[in-house]
Amino acid sequence: MENILFKANRLCFFETICFANIAIPAGRTTFVTGPSGTGKSTLLRLFNGVLSPTHGEIFYNGKNLKELDTIDLRQRVLLVSQAVFLFEGTIRDNFKAFYEHRELPAPSDDVIAEFLTVCCLPFAPDASCNNMSGGEKQRLYLAIFLSFRPEVLMLDEPTSALDETTARRVMGNILDYCRKEKITVIAVSHDKALTEKFAENILALERVENNYA
Amino acid sequence: MREVVQLGIYQFSAVYLLLIVVLAIMKRSKINQTKLLIVASFRMTVQLVLAGLVLTYIFENRHPLFTALYLTAMIAFSIKRTLGKSPGLNKRFKLAVAASIALSGLSVLVFFVTGIVGQNIANPQYTIPLAGMIVGNAMTGVTLALKAFSDSLKSQRAKIDSLLNLGASPDKILLPYVNNALETALLPTMNGMVGMGIVSLPGMMTGQILSGTLPTTAIMYQIAIMIAICTTVCLAAFCSLHFGYKTLINKRNQIKLIGD
C-alpha cells in the first residue's frame with residue numbers, strides 16, 4: 001500500500017475555499033491543478049502551517065498538524081512561494097542571508113554552484129542579483145530553497161517567469177534531484193504541458209460547496 | 001524683569017490676517033486644502049480658548065482632582081488620535097499603544113515635575129503644561145513609528161512570506177521592522193535637538209522669555225524638557241512597537257499583518 005504523506009478531511013479555509021478529501025502520496029511528484037480560486041496556493045500554505053484551516057484537520061505522516069511545531073514543520077515542508085524575494089547583493093550574499101534566517105552557517109561556494117547548476121543558472125556565486133531578469137531571479141530563489149533539502153518541496157508556480165524550454169529543463173533537473181534525495185514534491189502549475197510531462201500524481205481541485213461549516 | 005505685554009482683543013485679532021497670505025499661496029499653487037486651513041484655524045482657536053478658560057479655572061481653584069482630570073483627558077485624547085491615525089491595528093495592539101503612551105508619558109512627567117522641578121505632581125502650573133509637551137510629543141512619535149512599521153510591513157510582504165515559508169522565526173522576521181520604525185520615530189526629535197538654539201528658539205523657552213523669565217532659567221527648562229521629550233518618545237515608541245508586534249504573531253507562529 002502506498003504511503004500517504006498528507007491527508008486532509010473536510011478541509012475549509014473560511015467559507016470561500018473548501019476541499020474534497022485529500023491524500024498526497026510520499027516520495028512522488030504531485031501536481032495540484034484546478035481553475036483559479038479553487039485554493040491551490042492556499043492548500044500549500046495550509047500544509048506548511050502558515051495558515052490554519054477554519055474547518056477540518058490535516059495529517060502529516062499520520063500526525064495532526066495542530067500537534068506539530070510549526071517552525072519545524074515549515075523547515076521540513078518547504079514552500080517556494082510564487083512571489084520571489086531576494087536580498088540586495090550577490091548570489092552568495094543571498095544564500096548567506098537566507099541561511100542566517102534559519103540560523104545555519106552559509107553554504108560553501110561549491111554547494112552554491114551545485115544548486116545553481118540544478119536550477120540552470122550559469123552564474124558565479126559572486127554575481128550580483130540586482131540586475132538579474134525575472135526568470136533568473138526565480139531560478140536563484142528556487143536554488144536557494146532547494147539547497148535546504150527539505151522532506152517535502154512545495155512549488156507554487158515555480159516556472160511562471162521562465163520560457164517553455166527553460167521551464168522544462170529546470171523542472172526536470174529539480175525533480176531528478178528530488179528523486180535522488182527522496183524529497184516529495186508538490187507543485188502548483190497552470191502550465192498544462194509541464195504538468196503532463198512531470199506529474200506522477202495529479203490532485204485536481206474543483207469548487208466544493210461548503211457543507212462542513 | 002519686565003511684565004509681559006497684555007494683548008488686546010482687536011490687536012490680537014489682526015494676527016488672523018496672516019492666514020490670507022497662506023490662502024493666497026495655496027490658491028496660486030492649486031493646493032485644494034482651503035477648507036482644512038479654515039477648519040484647522042477655527043478648531044485651534046476654539047480648543048485653545050477652552051483650554052485657557054479651563055486652565056484659568058483650575059489655577060484659581062487648585063485641587064489635585066482637577067489636575068488629574070486634565071491629565072487623563074490629555075492622555076485619552078492623545079491615545080485616541082494616535083489610534084485614529086493608525087488604522088488596522090488589532091485590539092491587543094491598540095491596548096499596547098494606549099498603555100505605552102500613558103505609562104511612558106506619566107512616568108517621565110512624574111520624574112520631571114517632582115525630581116527636576118521639585119514641585120508636587122498635583123501642582124497644575126507645572127504638571128499640565130509639561131504634560132502637554134511630553135504627551136503631545138509621545139503621540140507624534142508613536143504615530144510616526146506605527147506608520148513606518150505598517151508601511152514597511154506592507155511593502156515587504158514578499159520578504160515576510162518568503163522567510164516565514166523558509167521556517168524562520170516570526171520574531172526574527174519582524175524585529176528589523178520594529179527597530180527601523182523606532183529609528184524613524186526618534187529622528188525628528190534628535191534632529192530638532194541638533195538645531196536647537198541656533199536654527200530655532202524653541203516654543204517653551206520663547207514663551208518663558210516673553211513672560212519675563214531670565215533666559216538662563218528658560219534654557220535650563222528647555223534642555224530638561226527636550227531630554228524628557230526624547231526619552232518619552234523613545235519609551236512610548238519602543239513599548240508600542242515591542243508589545244504591539246507580538247500581537248501580530250499567534251501561537252501557531254503565523255503572522256497577521258496590520259490591516260489583514
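Quantities reported herein were computed from a predicted structural model and do not represent experimental measurements. Every chain is numbered from 1 and lettered A, B, ... according to where its sequence line falls, protein lines coming before strand lines. All values below come from the heavy atoms of this structure, side chains included, with hydrogens, waters and symmetry mates left out.
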Exercise. Take A/Asp176 and A/Arg179, measure what salt bridge (Lys or Arg N to Asp or Glu O under 4.0 Å) needs, and give me the verdict at the end.
Key: CA-CA 5 Å; A/Asp176 282 346; A/Arg179 217 165 285 129; 3.2 Å; yes

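Using modelled atom types, no side-chain atom of B/Ser150 and backbone atom of B/Lys147 make a donor-acceptor pair closer than 3.5 Å. Of the possible polar contacts, none joining the A/Thr29 side chain to the A/Val185 backbone as a donor-acceptor pair under 3.5 Å is found. The closest donor-acceptor contact from the side chain of A/Thr159 to the backbone of A/Leu162 lies at 3.5 Å or more, if one exists at all. In this structure, the side chain of B/Asn90 engages the main chain of B/Phe93 through a donor-acceptor pair within 3.5 Å. Judged purely by atom type and a 3.5 angstrom limit, A/Lys40 uses its side chain to pair as donor or acceptor with the backbone of A/Gly34. Remark: side-chain polar atoms of B/Ser29 are not paired, donor with acceptor, to backbone N or O of B/Met26 under 3.5 angstrom. Side-chain atoms of A/Arg28 come within 3.5 Å of backbone N or O of A/Glu200 as a donor-acceptor pair. No donor-acceptor distance shorter than 3.5 angstrom exists from the side chain of A/Asn201 to the backbone of A/Thr30, with no hydrogens or angles considered.
Ring pair A/Tyr99/A/Phe148 is parallel by interplanar angle, where below 30° counts as parallel and above 60° as perpendicular.
In terms of the ring-ring contact (aromatic ring centres under 6.0 Å, His included) criterion, residue partners of A/Phe115 (sequence neighbours excluded) are, by chain and number, A/Tyr177.
When the heavy atoms of residues 164-173 of chain B are compared with those of chain A, the residues falling under 4.5 Å are B/Leu164, B/Asn165, B/Leu166, B/Gly167, B/Ala168, B/Ser169, B/Pro170, B/Lys172, listed by number. Residues from residues 224-254 of chain B that place a non-hydrogen atom less than 4.5 Å from a non-hydrogen atom of chain A comprise B/Arg252, B/Asn253, B/Gln254, given in numerical order. Contacts of residues 70-92 of chain A with chain B at a heavy-atom distance below 4.5 Å involve A/Thr70, A/Ile71, A/Arg74, A/Gln75, A/Leu78, A/Leu79, A/Ser81, A/Ala83, A/Val84, A/Phe85, A/Phe87, listed in sequence order.
In summary, the side chains of B/Tyr70 and B/Thr127 do not present any donor paired with an acceptor at a separation below 3.5 Å, with no hydrogens or angles considered.
The two residues A/Leu46 and A/Phe19 have their closest heavy-atom pair at CD1-CE1, 3.9 Å.
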